[in-house]
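Inspection log for the structure reproduced underneath, given as structure tokens.
Count residues from 1 along the sequence.
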Amino acid sequence: MKPNWTSARLESLTVSQVKALLLVASESPPDWGTMPHKELLETAAHEATSVEELTRIKESAKVLMKQAEEGPEREAAQLLYHLAVAAAFVRHGAEISGRPMRKQQALYERFAATWADHPIGELFREAAARVAGANRTE
């Protein structure tokens, strides 16, 4: 059976999200130790980071995405953005993105799979699971 590429879920994806999906679809994640923006990524991943700080990191990631050329810098900035949003959602119950969390579920599932052997994989798994649970109750 041929896939339905005109579904509403697929049509709602932005170019940036499609690029992020392609990134997480690769077989192995980048090396965490040599990733661009490592300090910001580690701060966003830290359990004690506040919502205010995660919001600041998310905004910084948006600037970094606009400034970055295609490649590792941009991919790291996209990961940073989504990590900050997912961390605020999971750890504080806060939605700091203008995009509804239900529209992030598929992307977060892919990030969880890509980063399965890293603590951020669990964070993305939890975010995706909470979104899935919320979608069932709507």
Side-chain angles (χ1 to χ4, degrees):
M1 175 178 227
K2 201 172 190 180
N4 178 6
W5 295 108
T6 61
S7 75
R9 274 183 95 178
L10 291 174
E11 288 179 1
S12 67
L13 293 175
T14 65
V15 171
S16 179
Q17 288 175 313
V18 171
K19 288 179 182 178
L21 287 170
L22 291 172
L23 167 67
V24 298
S26 66
E27 291 184 24
S28 61
D31 177 20
W32 182 263
T34 61
M35 283 190 70
H37 321 304
K38 182 181 176 214
E39 296 79 19
L40 286 171
L41 286 161
E42 288 177 343
T43 301
H46 195 275
E47 292 178 8
T49 304
S50 69
V51 173
E52 294 77 17
E53 182 69 5
L54 290 167
T55 302
R56 187 192 67 72
I57 291 169
K58 177 199 74 143
E59 293 302 320
S60 295
K62 286 167 62 174
V63 171
L64 292 168
M65 282 189 283
K66 287 180 182 174
Q67 293 173 343
E69 298 292 326
E70 295 299 317
E73 291 282 332
R74 184 166 177 79
E75 293 165 1
Q78 290 169 334
L79 177 63
L80 178 62
Y81 176 91
H82 290 290
L83 181 58
V85 171
F89 183 65
V90 169
R91 296 191 176 126
H92 303 285
E95 294 188 27
I96 63 172
S97 174
R99 185 169 175 81
M101 290 303 291
R102 63 184 162 74
K103 292 188 176 187
Q104 307 289 20
Q105 182 181 350
L107 178 61
Y108 290 176
E109 288 169 352
R110 287 180 180 85
F111 275 134
T114 298
W115 292 95
D117 294 332
H118 192 278
I120 67 169
E122 181 58 35
L123 182 68
F124 282 116
R125 264 189 299 286
E126 180 66 24
R130 288 188 187 191
V131 170
N135 287 342
R136 282 193 285 271
T137 62
E138 288 180 356

Hey, could you give me the [atom1]/[atom2] distance between [X] and [Y], rounded to the nearest 0.5 Å?
X	Y	atom1	atom2	answer
Y108	E126	OH	CD	13.5 Å
L79	I120	CG	CD1	4.5 Å
T43	H37	OG1	NE2	13.0 Å
M101	F89	CE	CZ	4.5 Å
R56	I96	CZ	CD1	11.5 Å
E75	Q78	CD	CD	7.0 Å

Is the ring pair W115/W32 parallel, tilted or perpendicular, if the boundaries are 30 and 60 degrees?
perpendicular
Between [X] and [Y], which heavy-atom pair has the shortest distance, and what is it?
X	Y	answer
P36	A76	O-CB, 3.4 Å
A44	I57	N-CD1, 3.9 Å
L64	A77	CB-CB, 3.8 Å
A127	A86	CB-CB, 4.0 Å

Quick check: does any side chain N or O of R99 sit under 3.5 Å from a backbone N or O of Q104, one acting as donor and the other as acceptor?
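Between the backbone of Q104 and the side chain of R99 there is no qualifying donor-acceptor contact (under 3.5 Å).
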Near D31 CG, under 6.0 Å, is it more than 12 heavy atoms from other residues, nucleotides or ligands?
yes
Over 12 non-hydrogen atoms of neighbours within 6.0 angstrom of NE2 in H46
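No, NE2 of H46 has 12 or fewer neighbouring heavy atoms, counting only those of other groups under 6.0 Å.
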Verdict with reasoning, T49 to R91, per side-chain contact (heavy atoms from CB on, under 4.5 Å):
CA-CA 9 Å; T49 304; R91 296 191 176 126; over 6 Å; no
Please test F124 against L83 for side-chain contact (heavy atoms from CB on, under 4.5 Å), starting from the C-alpha separation and ending with a verdict.
CA-CA 8 Å; F124 282 116; L83 181 58; 4.2 Å; yes
Is there a side-chain contact between Q105 and E109 (heavy atoms, below 4.5 Å)?
yes
So K58 and V85, do their side chains get closer than 4.5 Å, heavy atoms only?
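Yes; the side chains approach each other to less than 4.5 Å.
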